[in-house]
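Proteins get letters first, then strands, A, B, ... in listed order; numbering begins at 1 in each.
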There are 2 protein chains.
Amino acid sequence: MGQLEYHRLDKTLAQAADMCQKNGIKLTPKRSKLLTGLLKTDHAQSAYDLIEVMKLEYGETLQPTTVYRILDILSGENLVHKLHLSNRYIACSHICCDHGHDVPQFLVCDSCHKVVEISVDPDMIADFSRQANANHFVLTSPQIELHCRCQDCQSAAS
Amino acid sequence: MGQLEYHRLDKTLAQAADMCQKNGIKLTPKRSKLLTGLLKTDHAQSAYDLIEVMKLEYGETLQPTTVYRILDILSGENLVHKLHLSNRYIACSHICCDHGHDVPQFLVCDSCHKVVEISVDPDMIADFSRQANANHFVLTSPQIELHCRCQDCQSAAS
DNA sequence: GTTAAAAATGATACTTTGTATCATATCGCA
DNA sequence: TGCGATATGATACAAAGTATCATTTTTAAC
């Protein structure tokens, strides 16, 4: 599996349920399964990928509408992040962290969609924000996604 | 019109043709018109937006395939930039500059797709590159796109 | 000039991605 | 029990992007 060891999955899901409850959101079975699907991989998944996963892992046939709705909910709770570079989704890698969430920054492999969530100097963000303001823009999300190639895909290409 | 004053359009197109020629690429009439369409606005355009523009401005009906092909060509020549956040395209704002092209960085209004191309401290890019390497990724493009809201859309929303 | 290869564009059809809309089911609670 | 809110299903559609092959246009050699 991906970024998460098996024995941490339950703990993460419990934490996720807690986070939801605090905002009056329920982590329903389907939401939980979909989040699990994302937690089990470090490759960003498209909505239609996730439909496949749900089918294969749980025998459940979800409509696109449902999947997008669930992804919106989970994004709203900061349990998953939407990667706009590829229109794919990845579980937040800090669900179990006690420290407050940093601004999410991602290294995204353009080829296989492997993702690493990194942290970025807040000064850098402040700098971007200043630059935006100087151009009459307001930064609405400091999320940064960088075009990369992961090690595996580099080897494969060479 | 957008980012470009009328009297500079010809000069910019000539410069663009030069740049193409150096790489054995031709700036055909359709490519030129499509580039013009992009030069006339500071809002990123989708491929299908551009089909509309070509229809309205020149009465030419382009197939999606053709538009995507042309956009690839123009991107390859650094005459237009693809914004991956929104899958839209914008003319490079430095076609006429004599100085070498900086790494392109964009402030993108999530609402109306207005775009400003800014420049970013090369140290910052170097920093990203180092971080990528530390995570076994290689930065394939240092292009950064930031989620913003432009002044007009802020006013409209409030 | 003619012609053959290369480059550019057209046309058809299709796949993927995302959304609108209305229906149904489930849950919490009075 | 029954009512309102939340969650999910289902159908249909719209938008975005691609594969494939055909046709036209350019280029350059002869």
Side-chain angles (χ1 to χ4, degrees), chain A residues 16-17 20-38 43-55 58-77 79-80 82-90 108 110-113, chain B residues 16-17 20-38 43-55 58-77 79-80 82-90 108 110-113:
Chain A
C20 284
Q21 199 176 11
K22 283 191 181 107
N23 297 325
I25 301 283
K26 272 161 289 185
L27 192 63
T28 64
K30 289 189 197 296
R31 292 174 186 173
S32 176
K33 285 174 192 165
L34 208 147
L35 177 57
T36 301
L38 284 172
H43 289 67
Q45 306 287 308
S46 75
Y48 286 78
D49 288 343
L50 290 167
I51 289 177
E52 269 302 291
V53 169
M54 294 293 280
K55 183 70 191 173
Y58 303 104
E60 296 199 18
T61 305
L62 297 195
Q63 310 299 322
T65 317
T66 303
V67 170
Y68 282 109
R69 276 192 289 227
I70 291 179
L71 288 169
D72 280 349
I73 296 279
L74 296 176
S75 299
E77 299 305 305
L79 295 169
V80 318
K82 171 164 187 177
L83 300 178
H84 296 84
L85 283 195
S86 53
N87 289 334
R88 280 159 190 264
Y89 299 82
I90 190 104
V108 183
D110 288 331
S111 170
C112 75
H113 306 294
Chain B
C20 285
Q21 199 176 12
K22 282 188 182 111
N23 296 326
I25 300 284
K26 274 161 289 184
L27 191 64
T28 65
K30 289 190 198 296
R31 292 174 187 173
S32 177
K33 285 173 192 164
L34 207 148
L35 176 57
T36 301
L38 284 172
H43 289 66
Q45 307 286 307
S46 75
Y48 286 79
D49 289 342
L50 290 167
I51 290 177
E52 270 301 291
V53 170
M54 293 293 279
K55 183 72 190 171
Y58 304 103
E60 295 196 19
T61 306
L62 297 196
Q63 309 299 323
T65 318
T66 303
V67 170
Y68 283 109
R69 276 192 290 229
I70 292 180
L71 287 169
D72 280 349
I73 295 280
L74 297 175
S75 300
E77 299 305 304
L79 296 169
V80 318
K82 170 162 187 177
L83 300 177
H84 295 84
L85 283 194
S86 52
N87 288 334
R88 280 160 190 262
Y89 299 82
I90 190 105
V108 183
D110 288 331
S111 170
C112 74
H113 307 292

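Separating the CG atom of B:Leu50 from the C1' atom of D:dA15 is a distance of 15 Å, rounded to the nearest angstrom. In this structure, B:Leu71 places its CG atom 14 Å from C1' of D:dT18, rounding to the nearest Å. Following rounding to the nearest Å, B:Asp72 (CG) and D:dA19 (P) show an atom-to-atom distance of 11 Å. Taking atom CD1 on B:Ile25 and atom P on C:dT9, their separation rounds to 11 Å, with Å as the unit. Straight-line distance from the CG atom of B:Leu62 to the P atom of D:dT18: 17 Å, rounded to whole Å. What separates CD of B:Glu52 from C1' of D:dA16 is a distance of 15 Å, to the nearest Å. The CG-C1' distance, from B:Leu27 to D:dT26, rounds to 16 Å in whole Å. Rounded to whole Å, atom P of D:dT8 lies 11 Å from atom NZ of A:Lys33.
Phosphate contact (OP1/OP2 of C:dG10, side-chain N/O of B:Lys30, threshold under 4.0 Å): present. For the pair B:Gln63 and C:dA11, the criterion of a side-chain N or O lying under 4.0 Å from OP1 or OP2 is met. In this structure, B:Thr28 reaches the C:dT9 phosphate: one of its side-chain N or O atoms is under 4.0 Å from OP1 or OP2. Remark: B:Thr66 is not in phosphate contact with C:dT9, judged by side-chain N or O atoms under 4.0 Å from OP1 or OP2.
The structure places CZ of A:Arg88 at 12.5 Å from CG of A:Leu71, a figure rounded to the nearest 0.5 Å. With rounding to the nearest 0.5 Å, the separation of CG in A:Asp110 from NE2 in B:His84 is 7.0 Å. Of the inter-residue distances, the one linking A:Ser46 atom OG with A:Leu83 atom CG reads 12.0 Å to the nearest 0.5 angstrom.
Minimum interatomic distance between A:Asp49 and A:Ala44 (heavy atoms only, all atoms of both residues): OD2-O, 4.4 Å. In terms of heavy-atom proximity, A:Leu38 sits nearest to A:Tyr89 at CD2-O, 3.4 Å.
A side-chain donor-acceptor contact under 3.5 Å links A:Arg31 to the backbone of A:Lys26.
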So which protein N/O to nucleotides 14-21 of chain C N/O distances come out below 3.5 Å?
{"residue": "C:dG18", "atom": "OP1", "partner": "A:Asn87", "partner atom": "ND2", "Å": "3.3"}
{"residue": "C:dG18", "atom": "OP2", "partner": "A:Tyr68", "partner atom": "OH", "Å": "2.4"}
{"residue": "C:dG18", "atom": "O5'", "partner": "A:Tyr68", "partner atom": "OH", "Å": "3.0"}
{"residue": "C:dG18", "atom": "N7", "partner": "A:Tyr48", "partner atom": "OH", "Å": "2.4"}
{"residue": "C:dA20", "atom": "N6", "partner": "A:Thr65", "partner atom": "OG1", "Å": "3.0"}

Sort me out a list of protein N/O and nucleotides 23-25 of chain D N/O pairs below 3.5 Å, or just none if empty.
none

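Contact annotation: the side chain of B:Pro64 approaches that of B:Ile51 to within less than 4.5 Å [non-hydrogen atoms, C-beta and beyond]. Residues B:Leu50 and B:Ile70 form no side-chain contact, since every pair of their non-hydrogen atoms from C-beta on lies 4.5 Å or further apart.
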So A:Ile90 and A:His43, side chain to side chain contact (heavy atoms under 4.5 Å, CB included) or not? Walk me through it. CA-CA 7 Å; A:Ile90 190 104; A:His43 289 67; 6.0 Å; no
